[in-house]
Amino acid sequence: EPEVTQTPSHQVTQMGQEVILRCVPISNHLYFYWYRQILGQKVEFLVSFYNNEISEKSEIFDDQFSVERPDGSNFTLKIRSTKLEDSAMYFCASRYDLTTGELFFGEGSRLTVL
Amino acid sequence: GDSVTQMEGPVTLSEEAFLTINCTYTATGYPSLFWYVQYPGEGLQLLLKATKADDKGSNKGFEATYRKETTSFHLEKGSVQVSDSAVYFCARGPTGAGSYQLTFGKGTKLSVIP
């Protein structure tokens, strides 16, 4: 069964460092998303991406964040200068079109900022 | 603002017990509603969904009914198993045009003991 894969599963970094989280969405999907969950809190929407551009972003997704689809398969989330409060589980998701309700999620990448 | 509220966990049940996890939402309009499940070490998986009022979503013995009058989508299962131990997330789709961002609840951790 096709699945969304994410790497790394866990990353520990120092405050101020750049981090890139990688995702491989399901191959025929067209819409891509990043969500995050700070420990004990809600799963929060960060950004959606379609047709090689951001289609929607939340207020969390400030200038420190960026997304890219550098080739036909990867979808990356970059945090330029990490802060302690960026520590969270980051989920990538994809879907084929807007008429079906289901988002397919990856297993998540846990980011710990020290 | 629009939100999803689900009951606080953790919930611990004995095998074969009846499960209810409450979920209420606020929204302008009638969004699609979802339950996602996250088993240990895995990503978020769609468990069931309902797209309009009075719809009942069901899967793997779990059920939830879209109640417009109470703005609720409570998850139920008549007889839980140890393998149902997971974190359950209620989610709501958007009510307007957009890129289909989901709004999640905080998640409820369920532990089923033999």
Side-chain angles (χ1 to χ4, degrees), chain A residues 1-7 9-10 21 23-26 29-51 53-61 67 88-110, chain B residues 1-10 23-27 29-52 55 57-59 64 66 73 86-109:
Chain A
E1 186 176 329
E3 59 181 15
V4 177
T5 57
Q6 291 185 240
T7 54
S9 56
H10 188 195
L21 304 179
C23 170
V24 179
I26 294 173
H29 284 190
L30 302 175
Y31 298 82
F32 314 112
Y33 302 79
W34 283 101
Y35 285 78
R36 78 172 185 189
Q37 185 184 29
I38 295 171
L39 187 64
Q41 298 187 25
K42 294 187 177 187
V43 177
E44 302 172 293
F45 169 76
L46 293 179
V47 65
S48 61
F49 192 85
Y50 169 70
N51 200 26
E53 61 183 22
I54 291 173
S55 50
E56 189 177 9
K57 61 182 181 180
S58 70
E59 59 189 23
I60 302 168
F61 195 87
V67 288
M89 180 73 88
Y90 288 81
F91 292 104
C92 175
S94 70
R95 54 198 293 252
Y96 175 69
D97 61 25
L98 291 176
T99 58
T100 59
E102 183 175 3
L103 289 181
F104 291 81
F105 284 84
E107 293 181 5
S109 294
R110 179 168 297 285
Chain B
D2 292 350
S3 68
V4 175
T5 304
Q6 60 183 105
M7 64 186 284
E8 295 280 333
C23 172
T24 57
Y25 67 93
T26 60
Y30 303 104
S32 294
L33 301 172
F34 307 85
W35 278 99
Y36 276 81
V37 59
Q38 185 178 30
Y39 297 104
E42 299 184 18
L44 295 167
Q45 303 172 24
L46 180 67
L47 180 61
L48 53 84
K49 68 178 182 181
T51 57
K52 61 184 186 297
D55 263 4
S58 61
N59 186 26
Y66 191 141
F73 193 55
V87 181
Y88 292 82
F89 295 89
C90 185
R92 190 213 74 207
T95 53
S99 60
Y100 215 89
Q101 165 194 157
L102 296 184
T103 301
F104 284 87
K106 278 192 177 183
T108 303
K109 184 176 181 179

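Remember, predicted model here, so these are calculated numbers, not experimental data. Protein chains get the first letters and strands the later ones, always in sequence-line order, with residue 1 at the start of each. Below, each value reflects all heavy atoms present in this structure, side chains not excepted, and no hydrogens, waters or symmetry copies.
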Any donor-acceptor N/O pair, B/Ser32 side chain to B/Gly93 backbone, under 3.5 Å: no
Ignoring hydrogens and geometry, is there a side-chain-to-backbone donor-acceptor pair from B/Tyr39 to B/Gln45 under 3.5 Å? no
Between chain B and each of A/Gly108, A/Cys92, A/Ser9, A/Gly106, count heavy-atom pairs under 4.5 Å; write down the option with the most. A/Gly106
Looking just at side-chain N and O atoms, do A/Ser48 and A/Ser55 make a donor-acceptor pair shorter than 3.5 Å? yes
Would you call the rings of A/Phe49 and A/Phe32 parallel, tilted or perpendicular if under 30° counts as parallel and over 60° as perpendicular? tilted
Given that the side chain runs from C-beta out, which part of B/Gln38 has a heavy atom under 4.5 Å from chain A: side chain, backbone, both or neither? side chain
Need one label for A/Phe91: side chain, backbone, both or neither, based on atoms under 4.5 Å from any heavy atom in chain B. side chain
With a 4.5 angstrom heavy-atom cut-off, is it the side chain or the backbone of A/Glu3 that approaches chain B, or both, or neither? neither
